[in-house]
Amino acid sequence: MLTKRIIPCLDVKDGRTVKGVRFEGLRDAGDPVALASRYAREGADELVFLDITATNQKRATLVALVRDVARELDIPFTVGGGIGTVADVEALLLNGADKVSINSAALARPELIDELAARFGSQCIVVAADARYHEPEGWQIYTRAGTHNTGFDAVQWCREAADRGAGEILLTSMSNDGTKDGFALDITGAVSRAVSVPVVASGGAGSMQDFTRVFQQAHADAGLAASIFHFGEIGIRELKEHLRADGIPVRL
Amino acid sequence: MEIAVINYKGGNVQSVLFALERLGVRATLTADHELIRSADKILFPGEGEAASAMRELRAQGLHELLPTLTQPFLGICLGMQLLGRHSEEGGGTQMLGILPFDVVRFSAAAEYKVPHMGWNTLQELRSPLFEGLREEDYVYFVHSYYAPVGEYTIAQATYPAPFSAAVQHRNFAAVQFHTEKSGPVGTRILENFLKL
């Protein structure tokens with residue numbers, strides 16, 4: 001049976017993992033390769049690397065990082081953050097990334113999704129969508145780290161992205177991100193029903209029960225989180241045992 | 001031991017090369033007919049789209065070479081589908097015809113998203129490739145098309161109906177999942193292949 005996936009997300013800057021990761025027994029928590037291997041051993045199903053570097057050297061650092069991670073890691077990983085062109089995507093895939101996620105560049109020019117899917121196949125093209133709720137419009141898509149409202153309706157945009165060839169939607173609720181109050185069940189459920197490709201839920205995870213809810217009530221295919229894993233608040237293995245006890249198929 | 005990894009711009013090749021590197025074996029990425037013919041083992045990875053993959057194989061004459069090979073051969077993902085007769089992908093594509101299956105698309109349904117993406121279990125294992133594995137072990141899949149179950153099937157997975165997770169005919173074996181991304185289980189299958 002196909003399992004629900006648990007995905008730790010690692011922020012990287014200048015080739016180093018950031019966000020004060022606390023892991024006992026890990027000598028260098030800033031080393032993306034060491035951290036990735038640690039998560040793989042604990043039972044993570046996939047990893048996401050989000051590049052937050054804001055310099056011109058970005059591309060070279062990211063490609064080198066992807067190569068180092070791919071050399072060591074025997075589970076799939078996705079790379080995202082500021083990826084804008086077919087050439088960017090090609091460099092990352094050729095160096096061992098399994099999937100590439102695009103966000104602002106797809107909103108600026110949606111045809112990019114069609115071009116990438118035709119060139120590399122839908123299976124490796126993830127569209128990351130950042131949604132925020134406000135009255136009266138409802139869930140809308142934001143860019144530039146959640147500061148700029150595009151005016152796009154979240155469900156419509158995700159449907160368009162899937163229709164254009166995205167193989168997966170990574171949906172982050174900016175309204176829930178950092179709250180630890182749980183995933184945004186309403187918009188995650190609405191997007192999951194609207195598209196026929198897998199949906200990764202992100203933003204707001206604070207407890208193991210939050211994962212149960214997003215799988216059972218919002219039909220997410222995967223749950224992504226950062227700090228609760230990095231700070232050791234929830235272990236991947238205990239989370240998966242909890243989910244299995246709740247009747248959710250997981251790889252243990 | 002000389003291992004040839006077929007180079008037809010099929011994507012994801014680097015991950016397979018790294019997986020072999022982790023096992024301490026050296027492999028050559030090549031489309032050279034002589035190197036391929038003389039290799040001890042052949043790996044045929046692939047991700048991407050069937051019609052463009054077949055175009056590239058034809059452009060390099062590999063569509064004629066591959067069916068004549070006699071050494072142990074392992075196809076991975078698209079590299080498995082290409083061994084069939086025909087695929088629905090690309091508006092209908094003639095494949096290599098080494099195995100007698102036709103590749104069809106999954107139909108999306110509420111709980112069954114397409115692509116079939118993630119970790120799924122293996123059943124009905126019957127090949128030395130799976131030595132040391134147990135029924136219901138997990139491997140990683142990413143695909144929208146599949147080969148139905150037939151007499152060539154050596155492992156099954158279910159989504160929502162059973163399909164071929166692995167196939168074999170003579171020296172040609174192939175898996176639909178990604179051995180190089182399936183953790184210790186995938187590594188064991190690659191090791192088993194190298195021992196064949």
Side-chain angles (χ1 to χ4, degrees), chain A residues 1-7 40-41 43-46 66-78 89-99 117-126 162 165-169 192-193 195-200 219-222 240 249-252, chain B residues 9-19 21-23 46-53 77-78 89-90 106-121 123 136-145 157-160 177-188 190:
Chain A
M1 189 175 200
L2 183 66
T3 61
K4 301 291 189 182
R5 288 170 280 151
I6 300 298
I7 308 176
R41 280 198 302 279
D45 295 307
E46 272 181 49
V66 162
R67 207 170 166 81
D68 289 345
V69 171
R71 197 182 289 277
E72 293 298 324
L73 199 66
D74 60 4
I75 61 168
F77 68 101
T78 301
V89 172
E90 181 165 42
L92 295 167
L93 293 176
L94 282 180
N95 281 281
D98 296 286
K99 295 184 257 184
R119 177 79 175 268
F120 305 109
S122 289
Q123 81 289 336
C124 60
I125 305 302
V126 180
E168 186 168 68
I169 303 291
S192 195
R193 279 191 300 278
V195 301
S196 65
V197 299
V199 174
V200 181
H219 307 289
D221 298 280
K240 287 182 147 188
V250 287
R251 177 181 68 114
L252 265 171
Chain B
K9 298 172 187 154
N12 191 43
V13 177
Q14 195 55 57
S15 301
V16 172
L17 293 173
F18 283 148
E21 193 181 294
R22 288 195 291 273
L23 289 172
E47 230 179 42
E49 199 267 323
S52 38
C77 196
L78 182 61
E89 194 172 16
F106 286 116
S107 330
E111 290 290 303
Y112 293 95
K113 305 295 188 70
V114 179
H116 171 227
M117 183 186 285
W119 297 79
N120 202 338
T121 49
Q123 292 98 33
E136 306 298 325
D137 267 345
Y138 291 99
V139 289
Y140 188 82
F141 291 88
V142 187
H143 59 128
S144 301
Y145 296 79
T158 301
Y159 193 73
F177 48 91
H178 287 276
T179 48
E180 73 285 6
K181 289 289 164 180
S182 292
V185 172
T187 304
R188 181 66 196 260
L190 275 177

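Per chain, numbering begins at 1; letters A, B, ... match sequence-line order.
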Item to check | M117(B) versus P198(A), closest heavy-atom pair with distance | outcome: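 Smallest interatomic distance, heavy atoms only, reads CB-CG, 4.1 Å.
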Tell me, for E21(B) versus chain A, whether the close heavy atoms (under 4.5 Å) come from the side chain, the backbone, both or neither.
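Contact with chain A involves the side chain of E21(B) alone.
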Exercise. Which bit of T187(B) comes within less than 4.5 Å of chain A, counting heavy atoms only: side chain, backbone, both or neither?
Worked result: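 Looking at T187(B), just its side chain touches chain A.
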Non-hydrogen side-chain atoms of F18(B) and E72(A) separated by less than 4.5 Å: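 No; the side chains remain at least 4.5 Å from each other.
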Is the shortest side-chain heavy-atom distance between M1(A) and Y159(B) below 4.5 Å?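 Of all side-chain heavy-atom pairs linking Y159(B) with M1(A), none is under 4.5 Å.
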Can you tell me if S196(A) uses its side chain to pair, donor with acceptor, with the backbone of K113(B) under 3.5 Å?
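Not confirmed, S196(A) side chain does not pair with K113(B) backbone.
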Given 3.5 Å as the limit, does a donor-acceptor pair link the side chain of Y138(B) with the main chain of V250(A), or not?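 Answer holds: yes.
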Under a 4.5 Å heavy-atom cutoff, which of E90(A), R193(A), R5(A), H219(A) has the most pairs with chain B?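 The residue among E90(A), R193(A), R5(A), H219(A) with the greatest pair count is R5(A).
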- Query: Do you know which of C124(A), S192(A), P249(A) has the most heavy-atom pairs with chain B at a distance under 4.5 angstrom?
  - Reply: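 It is S192(A).
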[X] side, atom [atom1]; [Y] side, atom [atom2] - distance, nearest 0.5 Å:
| X | Y | atom1 | atom2 | value |
| --- | --- | --- | --- | --- |
| R251(A) | S182(B) | CZ | OG | 8.5 Å |
| S52(B) | R119(A) | OG | CZ | 10.0 Å |
| W119(B) | T3(A) | CH2 | OG1 | 8.5 Å |
| L2(A) | H116(B) | CG | NE2 | 4.5 Å |
| Q123(A) | E49(B) | CD | CD | 10.0 Å |
| N95(A) | Q14(B) | CG | CD | 6.5 Å |

Check: For the candidates S144(B), G183(B), S15(B), which exhibits the highest count of non-hydrogen atom pairs separated by less than 4.5 Å from chain A?
Finding: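 Heavy-atom pair counts peak at G183(B).
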Open item on the list: Looking only at heavy atoms and a cut-off of under 4.5 Å, which of E136(B), H143(B), H178(B), E111(B) has the most pairs with chain A?
Closed with: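 The option with the most such pairs is E111(B).
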Please determine whether salt bridge (Lys or Arg N to Asp or Glu O under 4.0 Å) holds for the pair D74(A) and R22(B), giving the CA-CA distance in whole Å, both sets of side-chain angles, and the decisive distance to 0.1 Å.
CA-CA 10 Å; D74(A) 60 4; R22(B) 288 195 291 273; 5.3 Å; no
